[in-house]
Amino acid sequence: MVRIIPMASTIGPSLSSFKFASASASPRLFSFSLSSSSCTIPSRRLSLLHLGSAVPQSHFFGLRAAKLLRREGNGMGVAAAGNAAQASTTATQENVLEWVKKDKRRMLHVVYRVGDLDRTIKFYTECLGMKLLRKRDIPEERYTNAFLGYGPEDSHFVIELTYNYGVDKYDIGTGFGHFGIAVEDVAKTVELVKAKGGKVTREPGPVKGGSTVIAFVEDPDGYKFELLERGPTPEPLCQVMLRVGDLDRSINFYEKAFGLELLRKRDNPEYKYTIAMMGYGPEDKNVVLELTYNYGVTEYDKGNAYAQIAIGTDDVYKTAEAIKLSGGKITREPGPLPGINTKITACLDPDGWKTVFVDNVDFIKELE
């Protein structure tokens, strides 16, 4: 009897059937079963009887027919297996990308390097109204971190400053843009910055093509801050602006891999640039990623000052799979950090901007 490998009758894995490796191992490919029904062709004897009624040399022809059917059966089996594999891969991709939309994600902090930690802390607390939330020194690794912001880390987007022993200057590059801070009175804040010896690079006034009052100031290391005049907001540290070489490509990546929503997009042909605001909630209540495309510019120098954004997730393993499926590059496979067991994964977007995803439960435990 020639047996044909059956086609899968159903393909529809649920998220609950996905299996991942333990935290200490690299992520396992998703696995699920395909239910199938078997089918067979008539026996060789029946084939010979049927063919013999029409062809005198029945036995000889029957052998040839059986061989032909056997070869065709093998081919059909390979095709069936290939189709099933392709369908299962598609189903897996769809489930992973759908999971991203449901994942509980929040931007946790932005990380960058400074040349004098105490000087920067003084500027942020006295001029920009931030609070020093915590500070940790890691002498064996020769660096110190300071966390600053406008509220607790478990509910607010904050800044993580890094000081590397003996390094007093960094190159910001041309790719990083600015941070945004919402204030109730831009002019008053600018006067305070000036009184403290800070640098103002744009005086208060309406934004080009709009009515929102803004200003730009620089911190001691040259990082720019855009001051935006708004009413009271739960998230004063409200923007991180990065320049990208292909805006549509970046939007597509951040929507699929990160689950960010495109909140608005604005083209400014007069000034030859387009911006896209992306976030996990309304712009007036959440921090947003501002992507900027300058006409005709496809690459930027990223320097060595700006580091990354950290985002919370319920599952770093699934997150890494979604990033890979969306064309991102994983720079650290998902798993626990040595010593503290906080699970993370790190990646690069199509322009090379780095993001670290942190397990939500582990993050809260680390703060405690």
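Position 1 is the first residue of the sequence; numbering continues from there.
Annotation: side chain of L289 is in contact with side chain of M107 (closest heavy-atom distance under 4.5 Å). Here the side chains of I138 and T144 are not in contact, with every heavy-atom distance at 4.5 Å or above. The closest side-chain heavy-atom distance from I251 to K265 is below 4.5 Å. Counting heavy atoms from C-beta on, the side chains of R230 and P236 never come closer than 4.5 Å.
Scanning all heavy atoms of the two residues, the minimum distance from V193 to V200 falls at CG1-CG2, 4.3 Å. In terms of heavy-atom proximity, R119 sits nearest to P220 at NE-CB, 3.3 Å. The heavy-atom pair separating C347 from I323 by the smallest distance is SG-CD1, 3.6 Å. Closest non-hydrogen pair, P338 versus R332, comes out as CD-NH2, 4.1 Å. Of all non-hydrogen atoms in A187 and P204, the two that sit nearest each other are CA-CG, 3.9 Å. Taking all atoms of both residues into account, the shortest heavy-atom contact from V244 to Y293 is O-CD1, 3.6 Å.
In the hydrophobic clustering of this structure, V183 groups with V287; members are Ile, Leu, Val, Met, Phe, Trp, Tyr whose side-chain heavy atoms approach within less than 4.5 Å, directly or through other members. I214 and L227 are not part of a single hydrophobic cluster, where members link through side-chain heavy atoms under 4.5 Å apart. Hydrophobic clustering of Ile, Leu, Val, Met, Phe, Trp and Tyr side chains at less than 4.5 Å, counting indirect connections, keeps Y306 apart from F147.
Remark: the backbone N or O of N164 is not paired with any side-chain donor or acceptor of R113 at under 3.5 angstrom. Side chain of W99 to backbone of A322: no donor-acceptor contact under 3.5 angstrom is found. No donor-acceptor distance shorter than 3.5 angstrom exists from the side chain of D171 to the backbone of A305, with no hydrogens or angles considered. Listed for the E218 side chain is no donor-acceptor partner under 3.5 Å among the backbone atoms of Y223. Without hydrogens or angle criteria, D351 side chain to G245 main chain gives a donor-acceptor distance under 3.5 Å. The main-chain N or O of I172 is never found under 3.5 Å from a side-chain atom of N304 such that the two would form a donor-acceptor pair. In this structure a side-chain-to-backbone donor-acceptor pair under 3.5 Å is missing from N252 to D248. Side chain of S155 to backbone of G151: no donor-acceptor contact under 3.5 angstrom is found. Between the side chain of R106 and the backbone N or O of H156, at least one donor-acceptor pair lies under 3.5 Å. Formation of a donor-acceptor pair under 3.5 Å by the T125 side chain with backbone atoms of K122 is found in this model.
Its side chain outside the 4.5 Å cluster rule for every partner, M241 clusters with none of the Ile, Leu, Val, Met, Phe, Trp and Tyr residues. Cluster partners of M277, using a side-chain heavy-atom cutoff of under 4.5 Å among ILVMFWY residues and allowing indirect links, are L263, Y271, Y273, I275, V288. When hydrophobic side chains of Ile, Leu, Val, Met, Phe, Trp and Tyr are connected at separations under 4.5 Å, L192 ends up as a singleton with no cluster partners.
In this structure, K256 places its NZ atom where only 12 or fewer heavy-atom neighbours from other residues, nucleotides or ligands lie under 6.0 Å away. Residue-environment remark: CD (E366) exceeds the threshold of 12 foreign heavy atoms within 6.0 Å.
Taking the charged nitrogens against the carboxylate oxygens, E235 and K285 have no contact shorter than 4.0 Å, which rules out a salt bridge.
With sequence neighbours excluded, no residue forms a salt bridge (charged side-chain N to carboxylate O under 4.0 Å, His left out) with K272. Applying the salt bridge (charged side-chain N to carboxylate O under 4.0 Å, His left out) criterion to R266, with sequence neighbours excluded, gives no partner residue. Taking D301 as the reference, nothing meets the salt bridge (charged side-chain N to carboxylate O under 4.0 Å, His left out) condition, with sequence neighbours excluded.
When each of V356, D359, T313, T319 is checked for a side chain to side chain contact (heavy atoms under 4.5 Å, CB included) with I344, only V356 meets the rule.
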Evaluate ring pair (Phe, Tyr, Trp, His ring centres under 6.0 Å) for F157 paired with Y150, printing each intermediate quantity in order.
CA-CA 8 Å; F157 184 64; Y150 295 98; over 10 Å; no
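Ring geometry for F216 against H178 counts as perpendicular: the plane angle is over 60°, on a 0 to 90° scale with 30° as the lower cut.
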